[in-house]
Protein chains: 2
Amino acid sequence: MQLERQLRKAGFRVTRARRVVAAALATAGRPLSPAEVLAAARRGHPGLGRATVYRTLNLLVRVGLVVPRPGPGGVRYSLASEGMHRLVCRNCGAERLLADCPAGGLAEELARRYGFQVEGHLLEFYGLCPDCRRRAKP
Amino acid sequence: MQLERQLRKAGFRVTRARRVVAAALATAGRPLSPAEVLAAARRGHPGLGRATVYRTLNLLVRVGLVVPRPGPGGVRYSLASEGMHRLVCRNCGAERLLADCPAGGLAEELARRYGFQVEGHLLEFYGLCPDCRRRAKP
DNA sequence: AGTTAGTTGAGACATTGTATCATTTAGGGT
DNA sequence: ACCCTAAATGATACAATGTCTCAACTAACT
Ligand SMILES: [Zn+2]
Ligand SMILES: [Zn+2]
Ligand SMILES: [Zn+2]
Ligand SMILES: [Zn+2]
């Protein structure tokens, strides 16, 4: 499984807390706030502590499995594998996922130029959703 | 000036607090945390309140002048006009700005397809910086 | 199974963000 | 230039979010 490999490769242990947090993000299918992660993860692990959720989210980010995203109402976390291309309304926060991506081929180019090992990317377009656009007319 | 136009267009007033917050972000040239914004902005407005900084940052985001970005140690804000293309190290948070962009031409396409009015975009590549890459080898 | 260092959970604590409200101020009308 | 009014501010109290410490627990190796 993805989680196990990523953790082991970086020298961390595979624990119940980490499994249940990753699972929460995976089944949610949308970005979650730390509080939401805690709530969801506790269904599979009632005694889970708040501090552990924060520690775990930070760890999963460092390991490359999870990505933090800002938004109205704080940072949210999602698996690095889903929803990395989207339209987001700067006014109301509405989001819309995109299918295709124009940035795919740049990884090698960037590795060569900067010595960076590129593993993924985030492409967000900011603007106004149809609703906010209409409302902003007058 | 950019700030004035954006605020007026959306029906908000142009105040000293808003000017000084925007100026802080502009002169910093890098993403700032709310606390840093407060400190910087107080140089030009000693009595500035903490609550006002939060209110103002949220407003400037809604108006499209400022973009929030997550990172190790919380959300940071920067002008929407600078540094929207970067490499960021998932492990240590190091960043590196990019010059060119493969996503420029998609705005009209997206407007047509989704009714979204695209005003800007953020393209971030995640991975390991040269240092973390080396350290992760063994 | 035994050993041990990484990890956890509880709770105190610190920081960050929000709500309330009296006071001030931007901006349009006169 | 002066009023007027609604918007905005700053102080303060409060709530939420995030961090630290430490004794107890457990994953992983032998
Ligand atoms: Zn919207
Ligand atoms: Zn892509
Ligand atoms: Zn790094
Ligand atoms: Zn671009």
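Computed from a prediction, not measured in an experiment: that's the story for all the values here.
- Residue L123(A) is found in a hydrophobic cluster whose other members, listed by chain and number, are L87(A), L98(A), L106(A), L110(A), Y114(A), F116(A), V118(A), F125(A), L87(B), L98(B), L106(B), L110(B), Y114(B), F116(B), V118(B), L123(B), F125(B); membership requires side-chain heavy atoms under 4.5 Å apart, directly or through intermediates.
- Legend: residues meeting side-chain contact (heavy atoms from CB on, under 4.5 Å) with R8(B), ordered by chain and number and at least two apart, are E4(B), V14(B).
- Heavy-atom distances under 4.0 Å link DNA chain D to no residue of residues 15-25 of chain A.
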Please tabulate, one pair per line, each protein N/O and nucleotide N/O from nucleotides 2-4 of chain C that are separated by under 3.5 Å, including the distance.
none

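- Checked against salt bridge (charged side-chain N to carboxylate O under 4.0 Å, His left out), E95(A) has the following partners two or more places apart in sequence or in another chain: R69(A), R86(A).
- One axis for each end of the helix from dA1(C)-dT30(D) to dT30(C)-dA1(D), each built from five base pairs, and the angle between them comes to 60° at 10° resolution.
- Under the side-chain contact (heavy atoms from CB on, under 4.5 Å) criterion, C92(B) pairs with C89(B), A94(B), C129(B), C132(B), sequence neighbours left out.
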Strictly under 3.5 Å: I want the nitrogen or oxygen pairs between protein and nucleotides 12-17 of chain D, one per line.
none

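- Annotation for L97(B): hydrophobic cluster partners, listed by chain and number, are none (ILVMFWY side-chain heavy atoms under 4.5 Å, direct or chained).
- Among residue pairs with one or both ends in residues 10-27 of chain B, none qualify as side-chain hydrogen bond (donor to acceptor under 3.5 Å, both in side chains); sequence neighbours excluded.
- The list of salt bridge (Lys or Arg N to Asp or Glu O under 4.0 Å) pairs with a residue in residues 33-44 of chain B, not counting sequence neighbours, reads R30(B)-E36(B), E36(B)-R76(B).
- Using a 4.0 Å cutoff on non-hydrogen atoms, the parts of residues 37-47 of chain B near DNA chain D are H45(B), G47(B), ordered by number.
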